[in-house]
Amino acid sequence: MLAEHGEATLLAGGTDAMVEINDGHRRPAGPVLAVNRIPDLRSWRHDPASGTVTIGACVTYTELMDPSVAALIPALAEASRTVGSPQIRNAGTLGGNLGTCSPAGDGLPVLAALDATVTLASVRGTRSLPVLDFMVGVKRTAIEPGELITEVTLPVVDGWQGYAKVGVRNAMVIAIASACVVLDRAARTVRVALGSVGPTILRCPEAEADLSERIDWASMAVAAPDLARFATLVSAASRPITDHRSSAEYRRHAVGVLARRLAQRALTVDPAGATR
Amino acid sequence: MSEMEIFSLHVNGERRDVTDSWLGESLLDVLRDRLGLVGAKGACEQGECGSCSVVVDGDLVCSCLVMAASAVGQQIVTVEGIAPPDAPSDVQQAFVDAGAVQCGFCTPGLIMAVHDLLDRTPVPSDTEIREELAGNVCRCTGYGRIIDAVQRVAVARVELSS
C-alpha cells in the first residue's frame, strides 16, 4: 500500500503526528496508514543464541517499561519511563521515536549507545542499517520513500546501563539534555550517547575511550579525577544550540553532569584515588 | 479540507456512526463535535494536559492524539461511560467528598486516569499517584485533595473486599 500511495501518511502512536495535525501544520494529503495494530510490529523477542533483543516498531513505551524488557535492556526501560505520561507511553512507540528522529527523542540515546540496528521494509525488500547511520539530522532519517520501519535489534550487554535527562520538571518534559551510559564488561568498554545537545544523537568516542582505559574493570572502580575528566570530555563532545528550552552553555554543562552521575551509579568512586 | 469520512466507532458499548468527519480529525473532536460527548475536554491538543483522557481497548490515552478513523473496531470508553449520571462511581464520589473539584475542567480526564491507576495499582503510594497522574494538569487544586480522593477510594475498596 505504501508503494502505491507515495503521499500516504504513516501513523503509529500519533503522539507526534497528531500534534502537527491538530496545530494545522500538517493535513494528511493522501491516505493514512495506521500501523499501530499490526501484530508483527507490536511484539518483541529475545534471541539468547545471538544475544539480541528485537523490538517491533509499534511496541509502546509502556510495554518497554515491563520488567521483562528491563531485565535485558535496563536503559531502554528507564528511558521509556521518562517519556511523557501514562497516556503518552500507552500510545507512543519506539518506531515512532525513530521516525520522528527528534534530537530529544528519549529512546534514541539508548539505541545509539547500544549500536542498535534498524530494519526497514518496502516492496523492494528489507534492509538493516546502524541506528547512527539511520539518524541523519534534526528530524531527518535515512528512510526512503515507500519504506517502513519494522524493527530494531539491540545487543544484550553484560554490565550496568542507564539513562537520565534534565527538564523543567520531573514528568512530562522534553529533554533539555539527556545521556545514556552503557558499561560493557565483556568488551571492557564504556559507551555514551547524548540527546538534545546536537542536531541528532551524538556518541562521545574520546570520552568513551578515556574512561574505558581508566576503569579498574576487576573491581569496577574509578578514581574521582578520572570521572571528572570524563564529564569534561562528554561536555566537549556536545554540540548544543540555544533555543526556547535552554541555552547552549547550560546544555553543555548539564550533559557532562548527567554522564558523570550515570557513570557514578555504575562504578565505585575512589575519592582519593590516583589517576590511572 | 479533505473529503468527508464515514465510519463507525464503538463508544461506551454502543455503535456510533460518524458521517461528517475529515480524515485526520482527532478522536477528541469527533467525540465532542460529531457525537455530542463533551465530557472529554480539549485544551492543549498536544497530549500535555490530560483533560481529554479516554480509554481505548483498555489503554488510557489522550483522545486529542488519537486519529478518530484509526480507532475503528476498538472499544472506546469516555467519562460518560464510567457511571450513569445519578449514580457516580466511587472515584467520582470521592472527588466530591474530598473537595478535589474546583473549576472542574480537568476532572473528567482525572476521573478516567484515577480509574485506570487504581485498576493497575489498587493501593498506590502518594509518590505513585503523583507519577501516574503526571499527565493530568490541574491549575486549581494544587493536587493535595486529588491525592486525598485517590487514597479514599483505595482505602474504601480494600475495606469492601475484606
Side-chain angles (χ1 to χ4, degrees), chain A residues 5 7-39 42 58-63 65-67 78 80-93 96 100 102 167-174, chain B residues 1-3 5 7 22-29 40 42-74 109-110 112-117 119-121 127-137 143:
Chain A
H5 302 282
E7 76 288 20
T9 302
L10 276 168
L11 183 71
T15 56
D16 288 322
M18 287 302 291
V19 173
E20 293 189 4
I21 291 171
N22 289 341
D23 270 359
H25 292 319
R26 185 156 125 187
R27 278 284 155 90
V32 175
L33 302 180
V35 295
N36 63 330
R37 281 188 273 160
I38 298 172
R42 285 301 305 266
C58 291
V59 172
T60 65
Y61 297 111
T62 298
E63 290 161 342
M65 284 165 63
D66 193 83
E78 198 171 14
S80 299
R81 188 174 166 185
T82 74
V83 174
S85 60
Q87 288 92 325
I88 302 299
R89 296 193 291 267
N90 282 340
T93 67
T100 296
S102 159
V168 289
R169 61 182 273 225
N170 239 340
M172 290 296 298
V173 289
I174 293 170
Chain B
M1 184 67 67
S2 317
E3 62 196 277
E5 298 293 317
F7 53 89
W22 52 273
L23 181 64
E25 189 164 25
S26 71
L27 178 59
L28 171 66
D29 286 350
C44 73
E45 310 227 344
Q46 52 183 349
E48 296 276 342
C49 76
S51 54
C52 67
S53 297
V54 302
V55 170
V56 176
D57 272 357
D59 291 328
L60 183 75
V61 293
C62 291
S63 60
C64 73
L65 298 182
V66 176
M67 193 177 286
S70 78
V72 168
Q74 293 187 295
L110 271 161
M112 299 306 289
V114 171
H115 272 286
D116 179 67
L117 156 65
D119 286 350
R120 288 178 295 110
T121 314
T127 307
E128 283 174 315
I129 295 170
R130 284 183 184 278
E131 182 172 357
E132 291 297 314
L133 299 184
N136 291 82
V137 174
Y143 303 100

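Below, read A as the first sequence line, B as the second, and so on, with proteins coming before strands; counting in each chain starts at 1.
The existence of a salt bridge linking A:R89 and A:E63 is excluded, since no basic side-chain nitrogen approaches an acidic carboxylate oxygen closer than 4.0 Å.
Taking chain B as the reference chain and counting heavy-atom pairs below 4.5 Å, the highest number among A:N22, A:L11, A:D16, A:V19 is found for A:N22. Chain B forms more heavy-atom pairs under 4.5 Å with one residue of A:M172, A:E20, A:R37 than with any other, namely A:R37. Across B:E131, B:Q46, B:Q74, the residue that shares the most heavy-atom pairs under 4.5 angstrom with chain A is B:Q74. Interface check for chain A: of the options B:E45, B:E25, B:R130, the most heavy-atom pairs under 4.5 Å are formed by B:E45.
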Let me have the donor-acceptor pairs involving side chains of residues 63-71 of chain B, under 3.5 Å, with sequence neighbours excluded, atom names and distances please.
{"residue": "B:S63", "atom": "OG", "partner": "B:C52", "partner atom": "O", "Å": "2.7"}
{"residue": "B:S70", "atom": "OG", "partner": "B:M67", "partner atom": "O", "Å": "2.7"}

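Side-chain contact annotation: A:Q87 with B:N136, donor-acceptor N/O pair under 3.5 Å present.
For B:S53, the part lying near chain A is the side chain, with the backbone staying farther off; criterion is any non-hydrogen pair under 4.5 Å. Heavy atoms closer than 4.5 Å to chain A are found in the backbone of B:V72, but not in its side chain.
The salt bridge (charged side-chain N to carboxylate O under 4.0 Å, His left out) contacts involving residues 48-60 of chain B comprise nothing, where partners must be two or more places apart or lie in separate chains.
With A:T62 contributing its side chain and A:N90 its backbone, the two residues share a donor-acceptor pair below 3.5 Å.
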